[in-house]
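The structure appears below as structure tokens.
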Number of protein chains: 2
Amino acid sequence: MVEVTRTDRRTSNSRQDILEAAQRLASREGAGKLTIEAVAREAGLSKGGVLYNFPSKDLLLKGMLDWMIETIAPLIDEHRDALEGQPNRTLRALIKASDFKAKNIDPSVPMAILAVAAEDPELLAPMRAEMQARWQQVLDDGTDPELAALLWAAADGLMFHCMLGTGVFPEERRTHLLGRLDELATQICK
Amino acid sequence: MVEVTRTDRRTSNSRQDILEAAQRLASREGAGKLTIEAVAREAGLSKGGVLYNFPSKDLLLKGMLDWMIETIAPLIDEHRDALEGQPNRTLRALIKASDFKAKNIDPSVPMAILAVAAEDPELLAPMRAEMQARWQQVLDDGTDPELAALLWAAADGLMFHCMLGTGVFPEERRTHLLGRLDELATQICK
DNA sequence: GTACATATACCGTCCAAACGGTACAGTAAA
DNA sequence: TTTACTGTACCGTTTGGACGGTATATGTAC
């Protein structure tokens with residue numbers, strides 16, 4: 001009797017659909033155009049339907065950010081596990097994980113960051129926490145903290161430029177650039 | 001005769017005031033809170049006054065972006081000129097110019113990027129053009145294009161994290177990190 | 001200098017549309 | 001019947017923007 005409802009929620013995955021629709025919309029039209037009605041239209045249901053799953057816009061945005069974290073974190077861990085024993089495994093995992101195309105992840109996923117930042121910058125707190133924890137892992141790998149921070153920043157810079165379409169390199173070559181970044185990360189020594 | 005008393009109004013450039021108020025607001029409250037009324041309040045005039053100077057919100061945002069470019073471009077050129085004859089002068093100038101604190105430039109200036117992206121990503125076109133032109137200069141300096149792109153991305157990654165407050169390094173050390181980045185840029189060889 | 005005309009820079013008010021959110025009736029399945 | 005959800009109708013507020021008015025500066029003619 002206790003655990004029944006779980007399966008019901010799984011049968012219809014409206015929550016996922018809504019979150020994905022929101023990402024797509026933010027990525028295509030801009031974070032400012034992300035209204036509840038527009039999300040509903042994009043997800044193929046009514047405004048009431050969206051508000052049933054996410055009782056307020058803030059909760060929808062929080063949901064977007066949480067989902068982004070939950071999507072990316074295991075991806076990072078996976079790469080990190082595969083690099084066990086090798087130097088700078090966490091940093092290298094962060095770099096590898098930011099190549100979304102390689103893992104068939106919607107490239108608009110990290111747009112949640114900009115959408116959330118536009119609505120209320122304080123909602124980014126969970127992401128800050130996640131990044132700090134990850135940074136501790138990077139440090140624990142024993143490396144030059146400054147170089148590591150710079151390489152991480154490079155990966156994120158590429159990601160932001162990819163999101164905004166302001167990159168100076170053609171999009172197709174981002175994977176290759178990340179490969180180069182990975183080489184650098186491998187070579188860092190304390 | 002006395003022609004100066006009210007001349008303050010004429011002399012004081014409201015356009016600048018409005019643009020600066022908009023940057024401050026976007027930086028403090030988030031890009032989504034950037035409404036014409038709020039900008040007017042922050043700039044100390046009425047909504048009508050803002051709309052007189054910028055006939056539509058899109059034009060205001062375009063104004064913010066243009067002003068950002070006009071503020072930063074000469075700064076880059078200045079650094080670039082100072083590095084004449086040295087390797088990778090353009091890339092190094094880009095890195096140095098992204099340290100706003102050093103030049104007493106309001107750190108909220110690049111928030112225009114996020115504000116514009118939130119309203120309509122296509123408005124970023126002028127920035128894309130500016131960056132492509134700058135990239136050509138970097139290439140003309142004769143360097144490893146991929147490494148150069150990565151170092152530039154690192155500088156921008158630090159900037160974005162600074163804007164969003166999601167950086168993993170304390171803000172005070174950004175200057176130092178940029179110095180380290182400058183060292184790397186100096187060492188790149190073809 | 002006075003009178004009048006025009007331009008500039010801005011204010012205050014108003015409005016239709018869009019917004020986030022509520023209320024509730026309905027449905028389909030378990 | 002309960003649970004999980006959809007869809008419509010609606011409300012109060014906010015939004016971008018239009019518009020007419022106003023104080024001041026400037027130009028021109030007397």
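Protein chains get the first letters and strands the later ones, always in sequence-line order, with residue 1 at the start of each. These numbers were taken from a predicted model, which means no experiment stands behind them. Only this structure's heavy atoms are used, side chains among them; waters, hydrogens and symmetry mates stay out.
- Side-chain contact, A/T90 with A/D141: a donor N or O sits under 3.5 Å from an acceptor N or O.
- Applying a 4.0 Å cut-off to non-hydrogen atoms, none of the residues of residues 115-126 of chain B approaches DNA chain C.
- In this structure, NZ of A/K57 is placed 15 Å from P of C/dT22, rounded to the nearest angstrom.
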Under 3.5 Å, which donor-acceptor pairs link side chains of residues 62-73 of chain A to any protein atom two or more places apart or in another chain?
unit_1 : atom_1 : unit_2 : atom_2 : d
A/K62  : NZ     : A/D66  : OD2    : 3.1
A/W67  : NE1    : A/Q16  : OE1    : 3.1
A/T71  : OG1    : A/W67  : O      : 2.6

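- Side-chain contact of B/Q136 with B/D140: a donor-acceptor pair under 3.5 Å is present, judged by distance alone.
- For the residue pair A/T143/A/N88, the side-chain donor-acceptor check at 3.5 Å is satisfied.
- Under the ring-ring contact (aromatic ring centres under 6.0 Å, His included) criterion, B/W135 pairs with A/F169, sequence neighbours left out.
- Every salt bridge (Lys or Arg N to Asp or Glu O under 4.0 Å) that A/D77 has, sequence neighbours left out, goes to A/R134.
- Per the geometry, CG belonging to A/L60 stands 10 Å off P belonging to C/dG20, to the nearest Å.
- There is no side-chain donor-acceptor pair under 3.5 Å between B/R24 and B/S108.
- A side-chain contact (heavy atoms from CB on, under 4.5 Å) with B/L91 is found for one member of B/L151, B/L147, B/L139, B/T186 and no other, namely B/L151.
- Residues from residues 44-56 of chain A that place a heavy atom under 4.0 Å from any atom of DNA chain C, listed by number: A/K47, A/L51, A/S56.
- For the residue pair A/T166/B/R128, the side-chain donor-acceptor check at 3.5 Å is not satisfied.
- The distance from atom CD1 of A/I18 to atom P of D/dG7 is 11 Å, rounded to the nearest whole Å.
- Taking atom CG on B/N13 and atom P on C/dA9, their separation rounds to 9 Å, with Å as the unit.
- For residues 20-42 of chain A, proximity to DNA chain D is found at no residue, defined as any non-hydrogen atom under 4.0 angstrom from a strand atom.
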